[in-house]
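A short worksheet on the structure shown next.
We name chains A, B, ... by the order of the sequence lines, and we start the count at 1 in each one.
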2 protein chains.
Amino acid sequence: MSMKTVSRKEEIIATASRLFKEKGYVAVSMRDIAQSMGIKAASLYNHIDGKQEILSTLILEVAHEFTNGMNQVAMENTGPIEKIKSVIEMHIDITVNYSEALAALNNDWMHLENDDLKDFVQMRENYEENFRHIIKDGINKGEIRPRHPEVILFSILSTLRTLYVWYQKRGKLDVNVLKKDMVAVLLKGIAV
Amino acid sequence: MSMKTVSRKEEIIATASRLFKEKGYVAVSMRDIAQSMGIKAASLYNHIDGKQEILSTLILEVAHEFTNGMNQVAMENTGPIEKIKSVIEMHIDITVNYSEALAALNNDWMHLENDDLKDFVQMRENYEENFRHIIKDGINKGEIRPRHPEVILFSILSTLRTLYVWYQKRGKLDVNVLKKDMVAVLLKGIAV
DNA sequence: AAATTAAACTAACAAACGTTAGTTTTGTGT
DNA sequence: ACACAAAACTAACGTTTGTTAGTTTAATTT
């Protein structure tokens, strides 16, 4: 029976991310996290440096996933529409695999400190800039309707970023169906 | 020179909402709010009952705006597509008028207590149910493409709900241009 | 069986929190 | 000038916070 070994540290981070999703980073205490694991708060410090480490580990791991994914799409040898389709699918894949961590990334990134905060903001800006470039390219090539690029960018990004909220709420619809419908809605709109 | 008189209580709520937008309700202390106004924390209690009142005032006022707006749209004597267009425009109007409060509504509603929390959740469910009904009606009448209604609902709602984040960041583009492009993107998609 | 390491525990710390009580200052109406 | 109300102040309260120190228990290695 093969079973992935999960270190105690990973357990703590997983537990914390579940709690962060409900009430946010600041409202969850070390005692809350410990109680959720059936131990005392002080015991957590045998495995982690502090509360801040939980947050930064959680967020930066996923942030790197997004960065890598976007860089890969940017290097694709395809047209703008195909690239956007790839971004959407990439985003959905990450959402499914890191659905707990995404709440912290979306809502608690501002509680990162020092270099962690700087790095995160930088990665986020790069991500958006890459996306913006694809959209503008698409408009120039006549593949995308000539609307305000920011409106297009944030319409798609908002939808993708909020996906984690209702993905599990709505009984886990099939990922491939989700991808298909999502791409269709975002690219082709809803009006017949 | 006519100038709207702003009560001290309203000043407190306005100041708090600005701070809440940056760090969230829990991370902002009464001392933070007071300092932002150049007074001491204890002085706030001459005008308000407590921190919780700030949050509930802030959120419930806007929540009622949304509820009223949606009820008005539901009573419109028009087709589904026209109604969705109205919802989008209504949402943009409220975002422009209450852009500070919307951060709290989106991110800190779970810190409401008792009846305030219950009322909010109820209003939110009703709002979504109304929206869902319009979409399903549109699909039945063949005015909307037959995609998964939840995907359509949350694609639009996510975009509208996150609008407050980047509306002011991007140098206040004209509201009418925004409405026009937003309706176009959400209804007709981006692909030519 | 003894020794070592890992992971839990109890107890306590300084700091920050929301809030209250009582007092002083500021502003307004007579 | 006086009285009153509004709005600020200082000081303190009981909790909760993240974290540290020192100790005990459980698991693993020799």
B:K51 side chain near C:dG18 phosphate (N/O to OP1/OP2, under 4.0 Å): yes
Length of the CD-P vector between B:Q52 and C:dG18, whole Å: 12 Å
Show me the donor-acceptor pairs, under 3.5 Å and distance only, between side chains in residues 53-64 of chain B and residues at least two apart or in other chains.
residue	atom	partner	partner atom	Å
B:E53	OE1	B:D49	N	2.7
B:E53	OE2	B:K9	NZ	2.8
B:S56	OG	B:Q52	O	3.3
B:S56	OG	B:E53	O	3.3
B:T57	OG1	B:E53	O	2.7
B:H64	ND1	B:L60	O	2.9

Nucleotide nearest B:K40 (side chain, heavy atoms from C-beta), chosen from D:dC9, C:dT10, C:dG18: D:dC9
Sugar-phosphate, base or nothing in reach of A:V28, heavy atoms under 4.0 Å: sugar-phosphate
Atom pair distance, as rounded to whole Å: CD1 in A:I12 and C1' in C:dA8: 12 Å
Separation of C:dG18 P from B:Y45 OH (nearest whole Å): 7 Å
B:N46, nearest nucleotide to its side chain (from D:dC9, C:dT10, D:dA8): D:dA8
Nucleotide D:dT17, atom C1' - distance to NZ of A:K23 in whole Å: 13 Å
Length of the CE-C1' vector between B:M30 and C:dG18, whole Å: 7 Å
side-chain N/O A:S43 vs C:dA7 OP1/OP2, d < 4.0 Å: no
Whether over 12 other heavy atoms sit under 6.0 Å from B:E11 CD: yes
Short side-chain N/O contact to D:dT19 OP1/OP2 from A:R31, under 4.0 Å: no
Nearest listed nucleotide, side chain of B:R8, among C:dC17, D:dA8, D:dG18: D:dA8
Short side-chain N/O contact to D:dT16 OP1/OP2 from A:S29, under 4.0 Å: no
A:H47 vs C:dA8: side-chain N/O to OP1/OP2 distance below 4.0 Å: yes
Lys/Arg cation over aromatic A:Y164: A:K21, 6.0 Å, 45° cone: no
I'd like a table of donor-acceptor pairs (distance under 3.5 Å, sequence neighbours excluded) in which one partner is a side-chain atom from residues 177-188 of chain B, with atom names and distances.
residue	atom	partner	partner atom	Å
B:K179	NZ	B:D93	OD1	3.0
B:K179	NZ	B:D93	OD2	3.2
B:D181	OD2	A:H148	N	2.9

Rounded distance (Å) that lies between atom C1' of D:dT20 and atom CD1 of A:I48: 14 Å
Geometric class of the A:W166/B:F154 ring pair [parallel <30°, tilted 30-60°, perpendicular >60°]: parallel
Whole-Å gap separating C1' (C:dT24) and CD1 (B:I39): 16 Å
Rounded interatomic separation in angstrom, taking CG from A:D32 and P from D:dG18: 8 Å
Contact nearer the 5' end of DNA chain D, comparing B:L44 with A:A41: B:L44
